[in-house]
Visitor: 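Pasting in a structure now, in structure tokens, and then I'll have a few things to ask.
Starting from 1, each residue takes its place in the sequence as its number. Indexing begins at 1, ligand by ligand and atom by atom, following the structure's order. Note that the structure is a prediction, hence the values are computed from the model and not measured.
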Amino acid sequence: MQFKTAFAILASMAASVIAQTNTNTSTIIDLLRTQTGQTDQFATLLSGSPQYQNLITKLSGNGSDANYTVFAPNNAAITKLGAVGQNVDLTNIILYHILNGSHPASSFSSGINIVSTLLNNGSYDFYSNNIALPLVVSKNDTGLQIPYSTNETANVTQADLKAMNGIVHIIDSVLSYPISPSNTIKNLGLNQLYMALNSTNSTGNIDTKKGVTIFAPNDKAFGQFSLANLNASQIQNVIGYHVVDGVYFSPNLTAFTSPMNLTTQQGKNITVKNLNGGIEITDVSGNETAKIVRSDILTNNGVIHIIDVVLIPSENSTIPNNTSTNFTNTNGKGSAANSLHGAEFSFAAFLITVAAAVITIAF
Ligand SMILES: *[C@@H]1O[C@H](CO)[C@@H](O)[C@H](O)[C@H]1NC(C)=O
Ligand SMILES: *[C@@H]1O[C@H](CO)[C@@H](O)[C@H](O)[C@H]1NC(C)=O
Ligand SMILES: *[C@@H]1O[C@H](CO)[C@@H](O)[C@H](O)[C@H]1NC(C)=O
Ligand SMILES: *[C@@H]1O[C@H](CO)[C@@H](O)[C@H](O)[C@H]1NC(C)=O
Ligand SMILES: *[C@@H]1O[C@H](CO)[C@@H](O)[C@H](O)[C@H]1NC(C)=O
Ligand SMILES: *[C@@H]1O[C@H](CO)[C@@H](O)[C@H](O)[C@H]1NC(C)=O
Ligand SMILES: *[C@@H]1O[C@H](CO)[C@@H](O)[C@H](O)[C@H]1NC(C)=O
Ligand SMILES: *[C@@H]1O[C@H](CO)[C@@H](O)[C@H](O)[C@H]1NC(C)=O
Ligand SMILES: *[C@@H]1O[C@H](CO)[C@@H](O)[C@H](O)[C@H]1NC(C)=O
Ligand SMILES: *[C@@H]1O[C@H](CO)[C@@H](O)[C@H](O)[C@H]1NC(C)=O
Ligand SMILES: *[C@@H]1O[C@H](CO)[C@@H](O)[C@H](O)[C@H]1NC(C)=O
Ligand SMILES: *[C@@H]1O[C@H](CO)[C@@H](O)[C@H](O)[C@H]1NC(C)=O
């Protein structure tokens with residue numbers, strides 16, 4: 001219910017926000033300029049190049065046509081960015097810091113909030129229907145944080161600076177927008193899953209999809225489930241069982257009370273339960289239940305939730321014990337293809353049931 005709560009609070013706050021912003025005579029861009037020692041370098045950066053003219057025009061309005069919320073990187077963050085060089089896609093990065101409408105800190109609900117940014121031009125249209133890339137805003141008693149780029153977190157160091165055309169929240173990092181699922185999986189250190197994707201040439205299958213949710217098993221999960229015993233199409237079958245069409249953020253998965261079935265790309269369902277202790281996913285066998293151990297990691301076409309168990313797309317299977325082979329230590333080489341090949345003839349009994357369930361995967 002977090003989405004609904006967020007919207008409800010937003011609606012109820014609207015009146016007081018308008019009352020407060022009406023008393024402010026600065027535009028967002030002027031406000032950024034006059035926060036000396038805080039956001040003046042961000043303003044200088046925007047003013048320093050003609051490529052940002054459109055942005056400046058937007059942020060210079062009087063609010064009669066549109067209001068914006070800007071997560072403005074502080075001077076230290078902009079200085080750090082300078083060290084990265086001019087190589088970065090700065091216009092799009094800046095668009096990723098701006099939301100339509102006024103969103104004061106009080107409008108966010110406790111926990112995870114998913115908000116749309118202005119970054120929705122063609123090159124970033126991997127969500128379906130021209131949906132803009134979102135941001136995760138996480139709120140607790142300490143304040144607002146923005147997790148980004150797999151393991152990074154930006155903190156809102158000063159919230160609710162009011163301008164006549166919106167609101168500025170100062171943050172302590174420059175955010176980067178989400179990247180492909182396969183690179184996100186790699187950066188998250190989900191090595192076994194990444195190797196499984198890579199070894200079966202499946203990265204393109206998840207990267208070019210529009211709007212997908214991936215339940216990504218961590219390396220520990222693979223400790224009990226050796227994909228090395230499976231051939232490429234069987235691995236694809238297992239991977240496809242962890243991918244669902246549609247973008248289900250954690251607020252979507254908790255926005256129901258009874259178990260919900262989601263149909264995977266492999267064809268079989270998984271069952272999602274919202275429990276007090278978190279979100280659990282049970283496979284068709286009914287024997288294996290995974291917990292979401294980290295939720296809402298954005299990709300450029302959806303979201304990844306890390307889970308602690310490999311789900312099995314077959315009714316009659318149990319997890320086979322790891323037969324000691326894994327993707328990274330076969331023959332001292334990092335070749336998944338080699339270890340797959342070598343293990344192909346040592347199938348566990350499990351494999352027979354998996355093989356029976358292999359169907360063509362329509363990625
Ligand atoms: C922007 O906010 C102002 C109040 O600050 C309000 O008068 C105006 O209607 C808003 N504009 C839009 C397009 O929401
Ligand atoms: C709030 O979140 C921050 C960042 O994730 C964390 O360091 C802090 O401990 C949290 N505070 C509470 C009260 O949970
Ligand atoms: C944001 O706050 C968290 C916890 O309070 C801290 O670990 C992290 O380093 C801070 N981020 C930055 C960029 O300073
Ligand atoms: C992100 O964190 C995970 C888990 O702590 C780690 O394995 C991985 O290497 C980290 N990735 C990056 C890019 O730092
Ligand atoms: C992924 O697969 C390609 C060949 O398909 C290979 O060249 C590359 O080294 C692999 N990457 C990793 C990290 O294994
Ligand atoms: C992956 O692609 C490479 C290069 O196109 C090919 O050599 C290899 O056999 C493929 N692997 C699988 C499992 O399809
Ligand atoms: C997730 O929740 C949002 C907000 O309620 C909704 O717009 C979106 O359609 C939901 N996503 C799915 C896949 O149901
Ligand atoms: C799978 O889930 C879909 C969507 O919730 C549902 O319509 C269908 O009946 C389910 N199939 C089975 C076998 O439970
Ligand atoms: C969900 O899936 C389970 C197991 O496949 C099935 O027993 C149940 O009827 C399904 N429920 C719905 C609502 O589709
Ligand atoms: C669960 O696993 C047991 C073996 O441990 C198996 O006999 C049983 O059929 C499995 N249950 C289902 C629903 O597949
Ligand atoms: C896995 O190994 C444990 C002991 O190491 C054993 O108790 C268990 O029965 C084994 N499970 C399977 C499915 O072979
Ligand atoms: C599962 O077991 C049932 C009966 O035990 C059998 O009819 C069915 O074919 C099996 N399914 C698979 C995929 O092995």
Visitor: Kindly write out the residues that satisfy ring-ring contact (aromatic ring centres under 6.0 Å, His included) with Y96, not counting sequence neighbours, or none if the list is empty.
Guide: none
Visitor: Every pair of nitrogen or oxygen atoms between ligand 4 and the protein that is under 3.5 angstrom apart - can you list them with their distances to 0.1 Å?
Guide:
from: ligand 4; atom 1: 2 (O); to: N151; atom 2: OD1; distance (Å): 3.3
from: ligand 4; atom 1: 2 (O); to: N151; atom 2: ND2; distance (Å): 2.4
from: ligand 4; atom 1: 11 (N); to: N151; atom 2: ND2; distance (Å): 2.8
from: ligand 4; atom 1: 11 (N); to: N187; atom 2: O; distance (Å): 2.6
from: ligand 4; atom 1: 14 (O); to: N151; atom 2: ND2; distance (Å): 3.4

Visitor: Without swapping roles, check the side chain of Y177 against the backbone of L95 for a donor-acceptor pair under 3.5 Å.
Guide: no
Visitor: Less than 3.5 Å apart, any donor N or O on the side chain of S180 or N300 sitting next to an acceptor on the other?
Guide: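 Short answer, no.
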Visitor: Compute the shortest N/O to N/O distance between Y248 and ligand 7 and return yes if it is under 3.5 Å, no if not.
Guide: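 No, there is no polar N/O contact under 3.5 Å.
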Visitor: In ligand 8, which numbered atoms sit nearer than 4.0 Å to a non-hydrogen atom of T263?
Guide: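 Ligand 8 atoms under the 4.0 Å threshold to T263: 1 (C), 2 (O), 3 (C), 4 (C).
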Visitor: What's the spacing between Q51 CD and L90 CG if we round to 0.5 Å?
Guide: 6.5 Å
Visitor: Just let me know how I114 lines up against ligand 7, side chain, backbone, both or neither, with a heavy-atom cut-off below 4.0 Å.
Guide: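 It is neither; nothing of I114 touches ligand 7.
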Visitor: Mind checking whether N261 contacts ligand 8 via backbone (N, CA, C, O), side chain (CB onward), both or neither, at a 4.0 Å heavy-atom cut-off?
Guide: both
Visitor: D245 vs K209, test: salt bridge (charged side-chain N to carboxylate O under 4.0 Å, His left out). Steps then yes/no.
Guide: CA-CA 9 Å; D245 281 330; K209 271 269 168 185; 3.5 Å; yes
Visitor: Can you list the residues that meet the ring-ring contact (aromatic ring centres under 6.0 Å, His included) rule with H305, with sequence neighbours excluded?
Guide: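 Expected list: F215.
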Visitor: Which residue pairs satisfy the salt bridge (Lys or Arg N to Asp or Glu O under 4.0 Å) criterion with at least one member in residues 272-281, sequence neighbours excluded?
Guide: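 Applying salt bridge (Lys or Arg N to Asp or Glu O under 4.0 Å) to every pair that reaches into residues 272-281, excluding sequence neighbours, yields E280-K291.
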Visitor: Determine whether the aromatic ring centres of F71 and H97 lie less than 6.0 Å apart.
Guide: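 When the ring centroids of F71 and H97 are compared, they turn out to be at least 6.0 Å apart.
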